[in-house]
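First the structure, in the form of structure tokens, and then the observations on it.
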Amino acid sequence: MNKSNCLLIAGLLLATTVNAQQPEYSPYLQDYPNQVFFGDTHLHTSYSADAGFVGTTLGPEDAYRFALGEEVTSSTGVRAKLEVPLDFLVVADHAENMGLAPLALAGDPAVIATEFGKKIHDLLKAQKGAEAFDLWRAARASGKDPMAGESSAAQTVWNNIVDAAEKFNNPGQFTAFIGYEWTSVPGGNNLHRNIVFRDGGEKARQILPYSNYESDDAEDLWAWMDSYESNIGGKLLAIPHNGNLSNGLMFDDVTYTDRAPLDQDYAKRRARWEPLYEVAQMKGDGEAHPFLSPDDEFADFETWDKGGINSPEAKTPDMLPREYVREAYKRGMQYEKSLGANPFKFGMLGSTDAHTGLTTTDESQYFGKITVLEPAPSHDRRYELVAGRTNPDKLDIEVPAWKVSSAGLAAVWSRNNTREALWDAMARKEVYATTGTRMRVRIFGGWNFVNGDEYRPDIARYGYQAGVPMGADLPPPGSNDVPSFVIHALKDPNNANLDRMQIIKGWLDSNGESHERIYDLAVSDGREINADGRCETPVGNTVNVAEATYTNSIGSAALQAYWQDPDFDPEHRAFYYIRVLEIPTPRWTTYDAKVYGVEIPEGAPTSIQERAYTSPIWYTPG
């Protein structure tokens with residue numbers, strides 16, 4: 001290990017092992033976020049209709065036990081256990097008729113007292129779950145709640161979810177957030193948001209989740225969130241996901257209901273209630289698209305761009321700029337310039353969106369994200385349709401199961417593993433996304449960092465003292481009028497080495513036109529970065545496809561860099577975020593081919609370069 005790697009690891013160990021309650025023998029002790037916690041803000045159990053009706057039997061308590069590292073038996077009878085437990089979890093079951101499937105199957109009196117609930121009960125008892133799901137889906141598509149007027153069962157379910165979170169929440173050891181998913185699907189297009197409570201059960205039990213039956217407009221959701229905070233005294237945030245399935249609606253230029261141009265009030269409210277975006281998950285990666293970023297050789301990663309899950313409309317190129325994060329960041333700066341507020345000023349995290357009650361992200365142990373895709377030699381899980389099932393016009397919108405990703409995880413920099421500390425870190429956007437691995441990534445930006453600061457053993461303390469972390473805004477220029485950055489990345493100890501560390505810059509020129517550029521900051525194996533800031537030599541690929549193996553004979557355990565923007569203009573708005581790539585490793589479809597003796601699906605990559613994306617640091621002219 002070289003000297004710089006030793007210094008990096010020494011600094012990380014110092015930051016994570018010192019107890020602030022002990023005598024201050026070190027001059028570097030300070031009350032700053034010194035740990036990164038990994039978790040999932042988007043997990044579904046049998047309480048979600050699109051899970052419970054189609055075979056998922058695990059409930060919230062099972063989900064928490066699995067996240068904590070306990071062995072559980074899956075809905076299909078497979079034993080499962082995480083290699084490394086999570087630090088936090090949000091069970092985010094869909095609000096729309098939450099818990100209907102398990103309550104109907106159990107014969108809950110309040111459910112079967114209704115005509116619709118009795119029909120569901122009878123179908124489930126007859127083991128006709130698919131028919132029950134189709135019945136429910138048809139009712140939901142009408143926009144009317146088929147269980148309208150029945151609040152007893154809804155309160156029971158919500159209390160069960162809150163009780164499970166309270167039971168497994170263990171401050172300092174494991175955080176069980178209270179949360180749910182608001183599932184807006186106008187025209188079959190995805191406008192979903194996960195709602196995360198900072199609060200405990202005392203406050204959360206005073207409401208029932210706001211659902212798509214009340215409104216499919218996010219502005220109405222924000223109004224409900226505002227009412228909760230005003231009347232209950234709690235705190236909420238919303239996390240959108242899968243703009244790639246919204247057919248241009250997620251980051252639209254107009255409001256949803258009125259179709260009016262965005263204004264400053266809208267921009268401020270959206271930024272207030274939606275500080276984060278889920279960029280990596282099972283239904284495709286949302287950072288960039290090759291059509292929008294043709295000069296980015298890593299943009300075409302786990303791409304889903306066929307349409308919505310249930311949309312009858314195929315994707316067209318004009319929709320793409322309103323669907324992907326990098327483009328939203330660039331357009332957000334344009335709005336900020338014209339409106340005085342940025343509606344798309346959010347941080348990035350990853351999560352699973354698994355519908356099995358089991359939060360798994362490892363390619364070598366891919367468990368499937370819906371019950372029918374759980375591992376089994378008795379059926380071929382690769383070709384199930386996971387999107388485009390309802391396709392009367394034979395449009396090119398179908399997505400087979402082999403395109404489902406194993407991603408992702410949310411990484412949060414925090415002082416403590418508690419609801420309050422983690423939620424506050426999410427609200428200030430000091431988070432990053434990974435596509436499933438647990439690499440540690442950190443960036444600080446400021447005006448006075450100098451070459452060599454990346455090797456400081458006290459970089460965490462000094463980073464907060466001399467600059468700002470991911471998710472923050474650069475302060476007004478200091479003695480140096482060019483921003484500089486120090487960045488560290490450390491590999492997941494259980495997974496692959498690192499290929500490279502990049503900074504993605506976006507900016508507005510004097511005419512208000514947006515641009516982007518990628519700089520390679522550090523690369524492994526002695527490769528060179530050219531005068532344009534790019535490494536043109538690939539890291540290589542050790543993947544043995546036939547055996548589904550790889551080696552860490554290439555890549556680096558750690559990368560660090562100092563970087564000063566060579567093209568900075570103080571009159572131009574800009575953002576900067578970090579992307580770190582691992583060396584290639586086998587994709588889950590390659591592992592399946594080896595384990596089950598099947599062919600790798602045509603079009604499926606044999607290897608994958610897992611990655612991390614940090615929340616940006618923004619610069620706004622004074």
Side-chain angles (χ1 to χ4, degrees), residues 16 33-48 58-72 81-82 84-95 98-99 102 155-181 194-209 225 228-229 232-239 275-276 278 349-352 354 356-361 409-428 430-431 438:
T16 57
N34 63 344
Q35 300 181 78
V36 63
F37 297 100
F38 291 96
D40 187 354
T41 62
H42 191 176
L43 179 68
H44 296 276
T45 75
S46 62
Y47 281 38
S48 288
L58 302 186
E61 290 203 7
D62 301 303
Y64 287 124
R65 281 195 290 268
F66 183 75
L68 280 162
E70 294 184 27
E71 181 180 299
V72 303
K81 183 177 181 179
L82 282 177
V84 182
L86 295 184
D87 297 311
F88 63 89
L89 177 65
V90 181
V91 171
D93 282 312
H94 296 290
M98 183 185 287
Q155 190 67 64
T156 296
V157 168
W158 181 238
N159 286 344
N160 288 347
I161 286 180
V162 172
D163 290 346
E166 295 290 81
K167 176 179 178 179
F168 287 92
N169 189 55
N170 185 8
Q173 300 297 319
F174 178 81
T175 294
F177 282 106
I178 298 168
Y180 74 93
E181 179 170 348
N194 292 333
I195 311 303
V196 183
F197 290 68
R198 188 179 188 268
D199 315 312
E202 181 181 355
K203 292 178 180 178
R205 288 190 188 93
Q206 297 182 47
I207 55 91
L208 285 176
M225 294 168 70
Y228 170 85
E229 291 200 353
I232 307 298
K235 288 187 177 182
L236 301 172
L237 59 80
I239 308 174
L276 300 174
E278 184 181 296
L349 51 67
S351 283
T352 66
T356 59
L358 305 176
T359 179
T360 62
T361 63
L409 284 174
V412 180
W413 283 102
S414 174
R415 186 73 181 177
N416 300 301
N417 186 358
T418 65
R419 284 172 176 164
E420 297 78 12
L422 294 178
W423 193 97
D424 291 346
M426 288 191 275
R428 67 175 180 265
E430 199 168 351
V431 304
R438 301 188 184 208

(request) Show the numbers, then the answer: is there a side-chain contact (heavy atoms from CB on, under 4.5 Å) between Ile161 and Thr45? (result) CA-CA 10 Å; Ile161 286 180; Thr45 75; over 6 Å; no
(request) Enter the distance from Asn417:CG to Thr175:OG1 here, rounded to the nearest 0.5 Å. (result) 3.5 Å
(request) Sequence neighbours left out, what passes side-chain contact (heavy atoms from CB on, under 4.5 Å) with Asn170? Give chain and number order. (result) Gln173
(request) Kindly compute the distance separating CZ (Arg428) from OG (Ser414), expressed to the nearest 0.5 Å. (result) 6.5 Å
(request) Report yes if some heavy atom in the side chain of Val72 is under 4.5 Å from a heavy atom in the side chain of Lys81; otherwise report no. (result) no
(message) Counting only heavy atoms not in Gln155 (residues, nucleotides, ligands), do more than 12 fall under 6.0 Å from its CD?
(response) yes
(request) Examine distances only and state if a side-chain atom of Asp62 and a backbone atom of Gly59 form a donor-acceptor pair shorter than 3.5 Å. (result) yes
(message) Under the rule for side-chain contact (heavy atoms from CB on, under 4.5 Å), what residues qualify as partners of Asn160, not counting sequence neighbours?
(response) Tyr47, Thr156
(request) Could you pull out all residues at least two apart from Phe197 that satisfy ring-ring contact (aromatic ring centres under 6.0 Å, His included)? (result) Trp158, Tyr228
(request) Start with the C-alpha gap between Glu278 and Leu349, add the side-chain angles, then the distance that decides, and say whether side-chain contact (heavy atoms from CB on, under 4.5 Å) holds. (result) CA-CA 5 Å; Glu278 184 181 296; Leu349 51 67; 4.1 Å; yes
(request) Please examine the side chains of Leu422 and Phe177, heavy atoms only from C-beta on, and report whether any two atoms are closer than 4.5 Å. (result) yes
(request) Hey, could you give me the CZ/CG distance between Phe174 and Leu89, rounded to the nearest 0.5 Å? (result) 5.0 Å
(request) Report yes if the side chains of Asp40 and Ser351 come closer than 4.5 Å at any heavy-atom pair, otherwise no. (result) yes
(message) Any heavy-atom pair between the side chains of Leu43 and Val90 that's under 4.5 Å?
(response) no
(request) Mind listing the closest non-hydrogen atom pair of Phe88 and Val412 along with its distance? (result) CZ-CG2, 3.7 Å
(request) Using a 4.5 Å cut-off on heavy atoms from C-beta on, say whether the side chain of Asn34 contacts that of Arg415. (result) yes
(message) With heavy-atom distances below 4.5 Å as the criterion, would you say the side chains of Thr360 and Phe66 are in contact?
(response) yes
(message) Could you report the tightest heavy-atom contact between His42 and Ala92, atom names first, then the distance?
(response) CA-CB, 4.1 Å
(request) Could you go through the salt bridge (Lys or Arg N to Asp or Glu O under 4.0 Å) check for Asp163 and Arg205 one step at a time? (result) CA-CA 9 Å; Asp163 290 346; Arg205 288 190 188 93; 2.6 Å; yes
(message) Minimum heavy-atom separation for Met426 and Thr41, please, with both atom names.
(response) SD-CG2, 4.4 Å
(request) Would you check if Ile195 and Tyr180 make a side-chain contact, meaning some heavy-atom pair closer than 4.5 Å? (result) yes
(message) On a heavy-atom basis, which atom in Thr418 and which in Gly172 lie closest, and how many Å separate them?
(response) CG2-N, 3.9 Å
(request) Quick one: pull up CG in Leu68 and CZ in Arg65 and give me the separation to the nearest 0.5 Å. (result) 10.0 Å
(message) Strictly distance-based, threshold 3.5 Å: is any side-chain N or O of Glu229 a donor or acceptor partner for the main-chain N or O of Met225?
(response) no
(request) Please report the shortest heavy-atom distance between Glu430 and Pro33, naming the atom on each side. (result) OE1-CG, 3.8 Å
(request) Kindly indicate, with the supporting measurements, whether the criterion side-chain contact (heavy atoms from CB on, under 4.5 Å) is fulfilled by Val196 and Leu236. (result) CA-CA 6 Å; Val196 183; Leu236 301 172; over 6 Å; no
(request) First locate atom NE2 of His94, then atom CG of Asn194, and finally report the distance between them rounded to the nearest 0.5 Å. (result) 8.5 Å
(request) Indicate yes or no: at least one non-hydrogen side-chain atom of Arg419 is less than 4.5 angstrom from one of Ile178. (result) yes
(request) Kindly compute the distance separating NE2 (His44) from CG (Asp93), expressed to the nearest 0.5 Å. (result) 7.0 Å
(message) Show the nearest heavy-atom pair for residues Leu358 and Leu58, with the distance to one decimal.
(response) CD2-CD1, 3.6 Å
